[in-house]
Amino acid sequence: MAADQQSTPDSRRAAPLAPLPDHRDVNTPWWQELWRRHAHITTPLRERGLECDIEFGLSAYIVRVALPDDSYLIISPPQEPPSERPPGDPEGWIVTREHPDDKSLFEVLYDSAPSDDPGASQQPEARHGGRAQPLVEAIDHRLGRLGLLPHPASPTAVGLGLQHLPGMPPALESGISAPAHSTPRPPRR
């Protein structure tokens with residue numbers, strides 16, 4: 001599929017990737033562009049056997065990760081206020097774990113989003129900002145402790161979070177950036 005071919009370097013793939021989502025948007029240019037912009041997050045997670053998708057959250061695009069126990073992760077930039085930064089290159093990430101049938105299961109695994117409240121204490125992860133590698137490492141650590149990683153992390157997978165992907169501009173330390181004016185929008189339904 002084009003989304004995999006453009007964003008996943010075959011020579012660096014350490015494990016078989018989890019499949020792409022199965023929906024009609026996967027073949028659309030706007031979804032493939034979103035996938036490309038989030039490849040620094042989705043590729044290492046898919047190498048661990050985790051299925052990922054890109055969806056629109058409250059005010060920004062998010063990565064949704066299905067877990068083996070039917071819970072899921074939401075990896076998102078801060079949703080409020082909406083950011084002017086392009087998809088996949090936020091000022092920080094927030095990762096939550098939730099379950100569709102058990103509303104009591106809600107945990108924050110990672111929060112590197114800067115706080116707008118001058119009186120609020122910053123999360124320890126805030127120093128990482130929008131960098132992908134600490135985010136993926138935090139997910140590895142928590143899911144490993146819970147026994148929810150289908151495939152353990154490999155040194156190659158951890159490194160993919162910040163490496164240059166063929167056909168893309170060189171990855172910045174904080175992720176893959178692109179001009180804000182070219183932000184893809186889903187088609188009207």
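When all heavy atoms of Y110 and H128 are compared, the pair lying nearest together is OH-CB, 3.3 Å. The two residues R36 and E33 come nearest to each other via the heavy atoms NH2-OE2, 2.6 Å. Residues G49 and P150 come closest through the heavy atom pair O-CG, 3.6 Å. Considering every non-hydrogen atom in both G88 and W93, the closest pair reads O-CZ2, 3.9 Å. Taking every heavy atom of both residues into account, P44 and A39 meet most closely at CD-O, 3.7 Å. Nearest approach of T28 to D25, heavy atoms of both residues: OG1-O, 2.6 Å.
One finds the CZ atom of R37 at 9.0 Å from the CG atom of D89 (value rounded to the nearest 0.5 Å). Taken to the nearest 0.5 Å, the CG atom of L135 stands 8.5 Å off from the NE2 atom of H40. Note that CG of L45 and CG of L143 are 8.5 Å apart. Values are rounded to the nearest 0.5 Å. In this structure, CD in E98 is found 8.0 Å from NZ in K103, a value given to the nearest 0.5 Å. With rounding to the nearest 0.5 Å, the separation of CG in L20 from SG in C52 is 9.5 Å. One distance of note links OG1 of T43 with CZ of R48; it measures 10.5 Å at 0.5 Å rounding.
The aromatic rings of Y61 and F56 sit perpendicular, their planes meeting at an angle over 60°, well past the 30° parallel limit.
The shortest distance between side-chain heavy atoms of E47 and L17 falls below 4.5 Å. Looking at L50 and L149, their side chains come closer than 4.5 Å, going by heavy atoms from C-beta outward. Here the side chains of P77 and R85 are not in contact, with every heavy-atom distance at 4.5 Å or above. Looking at I75 and I139, their side chains come closer than 4.5 Å, going by heavy atoms from C-beta outward. You'll find the side chain of P134 stays beyond 4.5 Å of the side chain of E125, heavy atoms only. Looking only at side-chain heavy atoms (C-beta outward), I54 and V63 come within less than 4.5 Å of each other. For the pair D101/D70, no side-chain contact is recorded, criterion being any heavy-atom separation below 4.5 Å from C-beta on. Inter-residue side-chain proximity for H23 and D53 is flagged as met; some heavy-atom pair is nearer than 4.5 Å.
A side-chain donor-acceptor contact under 3.5 Å links Q32 to the backbone of V26. S71 contributes no side-chain N or O that, together with a main-chain N or O of H99, makes up a donor-acceptor pair within less than 3.5 Å. For the pair S76 (side chain) and I62 (backbone), a donor-acceptor distance under 3.5 Å is absent.
Following chains of ILVMFWY side-chain contacts shorter than 4.5 Å, one cannot reach I94 starting from V136, and the two form parts of different hydrophobic clusters. Cluster annotation: I74 and L146 are assigned to distinct hydrophobic clusters (Ile/Leu/Val/Met/Phe/Trp/Tyr, side-chain heavy-atom contacts under 4.5 Å, transitive). Hydrophobic clustering (side-chain heavy atoms under 4.5 Å, transitive across Ile, Leu, Val, Met, Phe, Trp, Tyr) keeps Y72 apart from V65.
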For this session: Give the intermediate values and the outcome of side chain to side chain contact (heavy atoms under 4.5 Å, CB included) for residues V95 and R142.
Result: CA-CA 11 Å; V95 180; R142 182 63 181 142; over 6 Å; no

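Atom NE2 of H141 is surrounded by 12 or fewer heavy atoms from other residues, nucleotides or ligands within 6.0 Å.
Other cluster members for V108: F106, joined by side-chain heavy-atom distances under 4.5 Å among Ile, Leu, Val, Met, Phe, Trp and Tyr.
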